[in-house]
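Residue numbering restarts at 1 for every chain, and letters A, B, ... go by the order of the sequence lines. Atom set for the values below is all heavy atoms of this structure, side chains included, hydrogens, waters and symmetry mates excluded.
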Number of protein chains: 2
Amino acid sequence: MLISVNFECRYFIMDYSLSFKVNEHIYLRDPEGTELGKQIIKHAIELIYEIGFEHFTFKKLALEMNTTEASIYRYFTNKHRLLLYILNWYWSYMEYLVVVQLEPIQDIRAKLERVVELFTHELPERVGQSDYNKNRLHQIVISESSKVYLVKEVKEINENEVFKPYKDLCARISDLIKTYQPNYPFPHSLSTTLIETAHSQLFFSTYLPKLTDVQDLPKPGFVEQYLKDLVFKALV
Amino acid sequence: MLISVNFECRYFIMDYSLSFKVNEHIYLRDPEGTELGKQIIKHAIELIYEIGFEHFTFKKLALEMNTTEASIYRYFTNKHRLLLYILNWYWSYMEYLVVVQLEPIQDIRAKLERVVELFTHELPERVGQSDYNKNRLHQIVISESSKVYLVKEVKEINENEVFKPYKDLCARISDLIKTYQPNYPFPHSLSTTLIETAHSQLFFSTYLPKLTDVQDLPKPGFVEQYLKDLVFKALV
DNA sequence: TTTTAAATAATAGTATTACTATTCAATATA
DNA sequence: TATATTGAATAGTAATACTATTATTTAAAA
């Protein structure tokens with residue numbers, strides 16, 4: 001029943017082998033607990049990255065990793081829950097990164113700049129020895145993350161606190177914003193806008209560039225520039 | 001093959017019975033051309049609103065409107081294309097609204113304010129006598145719109161210009177932004193951020209309020225306030 | 001007016017997907 | 001050693017996505 005984990009304490013203890021406890025309501029059997037479980041997550045990230053969440057099925061995943069469909073169903077009730085698990089891991093990981101990477105920075109503005117960079121750049125591959133391919137994970141988050149909450153069942157799903165890692169991440173960035181500009185009335189909304197817009201603008205700049213201004217500007221760093229401008233103007 | 005329709009001309013001619021020509025590549029048979037076709041769209045909006053896009057199937061839609069699955073398949077290859085059709089209609093309708101409702105306004109800042117209001121409020125029910133329930137359409141757009149482009153097949157789908165209405169809408173708001181603040185370097189990205197953030201913040205404020213600041217502020221008009229603040233600070 | 005062609009929709013399927021009941025095999029515990 | 005307990009596979013079912021074919025209506029040509 002460990003739902004609210006005190007991250008600040010655990011980060012430094014567990015820096016080497018990075019593993020986050022994910023809310024028990026998301027899975028049937030803890031994937032971290034068995035070798036097969038860990039393989040399911042690892043291969044799921046690869047397969048969703050390759051074929052997209054709509055085409056992803058437990059049958060295909062089982063085939064890919066030489067196990068059976070039914071075995072995967074013993075870990076997750078459906079593919080939606082598996083995606084939710086991956087995203088819980090990602091949100092926890094991002095909160096960890098925000099805490100660890102901002103700690104040595106003194107200037108609050110520089111801290112906020114670093115946050116924008118964290119969400120607009122590729123993920124650092126070697127921070128924490130987790131087994132998952134960070135870049136593919138990041139691509140999945142960009143393309144598939146909204147699908148975990150944009151469903152008819154949000155209310156019921158939300159009751160088990162499965163979005164808590166996202167809310168915690170949002171609250172942490174929100175705190176930083178409040179420190180930087182105590183009078184700003186929308187710190188939580190600006191945090192989620194920062195995260196969601198990072199995803200949508202990264203997606204658009206690759207696949208639907210006319211919905212962005214990427215053609216007029218250098219592609220790498222475009223979203224970073226745009227979001228830094230947006231955030232710091234909002235916090236004047 | 002009528003892809004680029006000159007909207008400025010058509011708006012006033014067609015003000016009474018509002019119908020937009022949707023890109024031919026989206027459908028197999030034009031739903032506007034037959035009574036059954038029109039019923040498909042109307043009932044699809046109702047059913048997607050009720051059960052959500054994931055649970056929506058052609059079988060259920062056929063049952064709902066007393067026709068057969070196969071008949072619906074003669075209009076659309078799959079439910080994704082049907083959603084794309086609905087969104088093309090919505091984007092064209094929003095561009096129409098932007099043009100018509102901004103025309104009488106003189107002040108450019110007031111025009112931009114009106115744009116934010118258009119995307120954060122319920123849709124005006126009686127502008128144009130279209131048969132579709134505007135509020136349900138708006139709810140669908142909030143919850144389902146990103147699912148039409150967040151798919152593995154974006155590139156191929158995009159080749160047939162099926163996202164043109166969204167790009168046109170974005171370009172029109174972008175022009176307004178450029179008039180208001182010629183030096184701003186991200187007019188397209190700000191336009192899509194405005195639209196996408198309106199959707200996500202409206203969704204979050206209802207279902208995941210902790211991801212927003214809605215608890216501290218009056219609920220109706222919250223997203224409007226937030227976005228007006230964000231947009232006009234960005235354009236200082 | 002009759003015949004033929006085209007358009008429209010329904011019937012009856014198949015393949016895939018999502019999910020489950022049951023069985024088998026391997027450990028761990030008493 | 002006997003017996004729970006756990007982990008994973010077999011073998012299904014129901015629903016979903018999609019299609020080939022047939023029937024019916026409408027329109028055009030002879």
Side-chain angles (χ1 to χ4, degrees), chain A residues 22 24-44 46-48 50-86 144 147-148 150-153 156-157, chain B residues 24-44 47-48 50-86 144 147-148 150-153 156-157:
Chain A
V22 172
E24 288 184 354
H25 289 99
I26 297 172
Y27 50 75
L28 257 37
R29 191 181 307 285
D30 184 6
E32 287 289 322
T34 65
E35 190 49 42
L36 182 68
K38 280 182 254 182
Q39 288 301 310
I40 288 171
I41 305 303
K42 191 179 169 174
H43 283 89
E46 300 287 317
L47 195 55
I48 294 172
E50 267 176 52
I51 63 178
F53 189 63
E54 280 71 28
H55 297 292
F56 172 80
T57 69
F58 280 0
K59 183 91 199 173
K60 287 175 188 167
L61 177 59
L63 217 74
E64 195 81 1
M65 52 189 286
N66 284 315
T67 183
T68 63
E69 213 185 343
S71 304
I72 299 165
Y73 273 105
R74 303 206 125 250
Y75 287 83
F76 296 98
T77 39
N78 53 53
K79 67 174 183 175
H80 184 268
R81 287 289 163 138
L82 174 46
L83 182 63
L84 188 57
Y85 181 91
I86 292 171
E144 324 287 4
K147 294 167 192 172
V148 303
L150 291 179
V151 290
K152 209 68 192 175
E153 303 88 353
E156 299 86 73
I157 296 174
Chain B
E24 288 183 356
H25 289 100
I26 297 174
Y27 51 74
L28 255 39
R29 190 182 309 284
D30 184 6
E32 287 289 321
T34 66
E35 190 48 41
L36 182 68
K38 279 182 255 183
Q39 288 301 310
I40 287 172
I41 304 304
K42 192 179 168 175
H43 283 89
L47 195 55
I48 295 172
E50 267 177 54
I51 64 177
F53 189 63
E54 279 71 29
H55 297 291
F56 171 81
T57 67
F58 280 1
K59 183 93 200 172
K60 288 175 187 167
L61 177 59
L63 216 74
E64 195 83 0
M65 53 189 286
N66 284 315
T67 184
T68 63
E69 213 186 343
S71 303
I72 299 165
Y73 273 104
R74 304 206 123 250
Y75 287 83
F76 296 99
T77 39
N78 53 51
K79 67 174 184 174
H80 185 268
R81 287 289 163 137
L82 174 46
L83 182 63
L84 187 57
Y85 181 91
I86 291 171
E144 323 287 3
K147 294 167 192 172
V148 304
L150 291 179
V151 291
K152 209 70 193 175
E153 303 87 354
E156 299 85 72
I157 296 174

**Q** Of the nucleotides C:dT20, C:dA9, C:dT17, which has the atom closest to the A:A70 side chain?
**A**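 Ranking C:dT20, C:dA9, C:dT17 by closest atom to the A:A70 side chain puts C:dT20 first.
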**Q** Closest to the A:T57 side chain: C:dT17, D:dC18, D:dT16?
**A**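 Closest of the options to the side chain of A:T57: C:dT17.
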**Q** OP1 or OP2 of C:dA7 sitting under 4.0 Å from any side-chain N/O of B:R29?
**A**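 So the side chain of B:R29 is outside the cut-off, no N or O lying under 4.0 Å from OP1 or OP2 of C:dA7.
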**Q** Would you kindly give the CD-to-P distance between A:E35 and C:dA26, to the nearest whole Å?
**A**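 About 18 Å, once rounded to whole Å.
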**Q** Can you measure B:L36 atom CG to C:dA7 atom P for me and round it to whole angstrom units?
**A**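 Answer to the nearest Å: 17 Å.
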**Q** Nearest to the side chain of B:R74, which nucleotide is it out of C:dA10, D:dA17, C:dC19?
**A**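 Given the options C:dA10, D:dA17, C:dC19, the side chain of B:R74 is closest to C:dA10.
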**Q** OP1 or OP2 of C:dA10 less than 4.0 angstrom from a side-chain nitrogen or oxygen of B:T67, does that happen here?
**A**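 True: B:T67 side-chain N/O within range (under 4.0 Å) of C:dA10 OP1/OP2.
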**Q** Does a nitrogen or oxygen in the side chain of B:Y75 sit under 4.0 Å from OP1 or OP2 of C:dA9?
**A**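 Affirmative; the distance criterion is met.
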**Q** Atom OH of A:Y73 to atom C1' of D:dT13: distance rounded to whole Å?
**A**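 After rounding, the gap between these two atoms is 13 Å.
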**Q** Quickly work out the B:H80 NE2 to D:dC18 C1' distance and round it to whole Å.
**A**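 Rounded to whole Å, this separation is 17 Å.
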**Q** Compare every heavy atom of A:E69 with every heavy atom of A:A62, then report the nearest pair and how far apart it is.
**A**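 Nearest heavy atoms, A:A62 then A:E69: CB-N, 3.4 Å.
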**Q** Identify, between B:E69 and B:G37, the residue whose nearest nucleotide on DNA chain C lies closer to the 5' end.
**A**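 Looking at the nearest nucleotide for each, B:G37 comes out on the 5' side.
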**Q** Determine: side-chain N/O of A:K79 to OP1/OP2 of C:dA18, distance under 4.0 Å, yes or no.
**A**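 So the side-chain polar atoms of A:K79 do come within 4.0 Å of the phosphate oxygens OP1 or OP2 of C:dA18, strictly under.
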**Q** Once you round it to whole Å, what is the distance between P of D:dA17 and NZ of B:K59?
**A**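 Rounded to the whole Å, the gap is 12 Å.
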**Q** Would you please confirm or rule out a distance under 4.0 Å between OP1 or OP2 of C:dT17 and any side-chain N or O of A:K60?
**A**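 Checking C:dT17 against A:K60, a side-chain N or O does come within under 4.0 Å of OP1 or OP2.
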**Q** Quick check on DNA chain C: between B:T68 and A:E54, whose nearest nucleotide comes earlier from the 5' end?
**A**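 Per heavy-atom nearest nucleotide, the more 5' residue is B:T68.
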**Q** For A:D30 and D:dT6, what is the distance between atoms CG and P respectively, to the nearest whole Å?
**A**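 Taking atom P of D:dT6 as the reference, CG of A:D30 is at 15 Å.
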**Q** Give a yes or no on whether a salt bridge exists between A:K147 and B:E54, defined as a side-chain N under 4.0 angstrom from a carboxylate O.
**A**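 Between B:E54 and A:K147 there is no salt bridge, as every charged N stays at least 4.0 Å from the carboxylate O atoms.
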**Q** Indicate the atoms forming the closest heavy-atom contact of A:L61 with A:A44, along with that distance.
**A**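 For A:L61 versus A:A44, the nearest heavy atoms are CD1-N, 3.6 Å.
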**Q** Between C:dT8, D:dA17, D:dA8, which nucleotide has the shortest distance from any of its atoms to the side chain of B:T34?
**A**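 Shortest atom-to-atom distance from the side chain points to C:dT8.
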**Q** From CZ of B:R81 over to P of D:dC18, roughly how many Å is that when rounded to an integer?
**A**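 Rounding to the nearest Å, CZ of B:R81 and P of D:dC18 are 12 Å apart.
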**Q** Measure the distance from CZ on B:F56 to P on D:dC18 and round it to the nearest whole Å.
**A**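 Value for this atom pair: 12 Å.
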**Q** Between the main-chain N or O of A:Y75 and the side-chain N or O of A:R81, is there a donor-acceptor pair closer than 3.5 Å?
**A**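 Checking the backbone N and O of A:Y75 against the side chain of A:R81, no donor-acceptor pair under 3.5 Å is found.
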**Q** May I ask you to decide if the ring planes of A:F56 and A:F53 are parallel, tilted or perpendicular, using 30° and 60° as cut-offs?
**A**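 Parallel.
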